[in-house]
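In what follows, a single structure is set out as structure tokens and then discussed.
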Amino acid sequence: MKNIYCISTVLIAVSICLVWSATNVTPSEQCEGQNFEGLRERIQVIPCTKKGCRLRKGTNTTVIFKFKPKHEVTTLINDVYAIVAGLPLPFLGVTGVSACPQVTRSSDGSPAPCPLAAGEEYTYSNVFPIESFYPNVDLRVHWALLDGKKNVICFEVPAVITPAKKH
Ligand SMILES: *[C@@H]1O[C@H](CO)[C@@H](O)[C@H](O)[C@H]1NC(C)=O
């Protein structure tokens with residue numbers, strides 16, 4: 001009896017995990033020359049699915065990720081651009097701007113004004129609109145947080161911009 005209980009608990013847990021991973025895995029990839037551990041577990045771009053990111057015009061995209069600085073970070077700058085046909089197009093209003101206001105402590109969700117401590121886990125979250133004037137193209141979103149010239153975290157996500165829903 002006890003075994004049956006255990007087995008069904010495991011099965012339920014496994015199926016919850018499967019549903020979770022199918023809907024919440026963002027197909028994030030390493031930036032060139034970088035190697036951050038557990039990238040896929042740490043990065044979530046909504047509404048991405050395992051199959052990819054379809055970013056519909058007139059909707060918002062949410063980016064949430066966890067990172068752990070190896071050294072104390074005094075300045076943290078968003079370095080965000082779309083790579084379209086091999087060309088980097090900066091996300092105006094995001095790139096070059098301080099990322100500190102978007103950072104909270106993972107432990108309790110409290111705001112984490114810079115400087116950030118080495119070895120502590122932080123959560124970054126940001127929301128940006130998919131503007132109607134964006135072209136319908138395949139692109140790669142390149143998202144990095146820079147401390148000086150160093151990447152504190154960096155990832156790329158393949159995406160496609162799709163037309164707005166017809167009314
Ligand atoms: C997108 O986010 C902005 C700012 O948070 C909000 O004002 C707007 O209503 C959102 N748009 C959609 C389509 O959810």
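Counting starts at 1 for both ligands and their atoms, in listed order. Bear in mind the structure is a predicted one, so any value in this text is a computation, not a measurement. Only this structure's heavy atoms are used, side chains among them; waters, hydrogens and symmetry mates stay out.
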Can you check whether Arg42 reaches Phe67 side chain to side chain, under 4.5 Å on heavy atoms?
yes

Does any non-hydrogen side-chain atom of Asn151 lie less than 4.5 Å from one of Leu146?
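Counting from C-beta outward, Leu146 and Asn151 do come under 4.5 Å.
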
For ligand 1, would you mind listing the residues that have at least one heavy atom less than 4.0 Å away, ordered by chain and number?
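Within 4.0 Å of ligand 1, the protein residues are Gly58, Asn60.
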
Salt bridge check, Glu29 against Arg140: does any charged N sit closer than 4.0 Å to a carboxylate O?
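The answer is yes: the pair qualifies as a salt bridge.
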
Closer than 4.0 angstrom, basic N to acidic O: yes or no for Glu131 and Lys57?
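A salt bridge is absent here (no side-chain N lies under 4.0 Å from a carboxylate O).
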
Arg105/Ser110 under side-chain hydrogen bond (donor to acceptor under 3.5 Å, both in side chains): CA gap, chis, key distance, verdict
CA-CA 5 Å; Arg105 290 184 185 84; Ser110 64; 3.0 Å; yes

For the pair Phe155 and Trp143, name the ring-plane relationship: parallel under 30°, tilted 30 to 60°, perpendicular over 60°.
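Ring orientation, 0 to 90° scale: parallel.
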
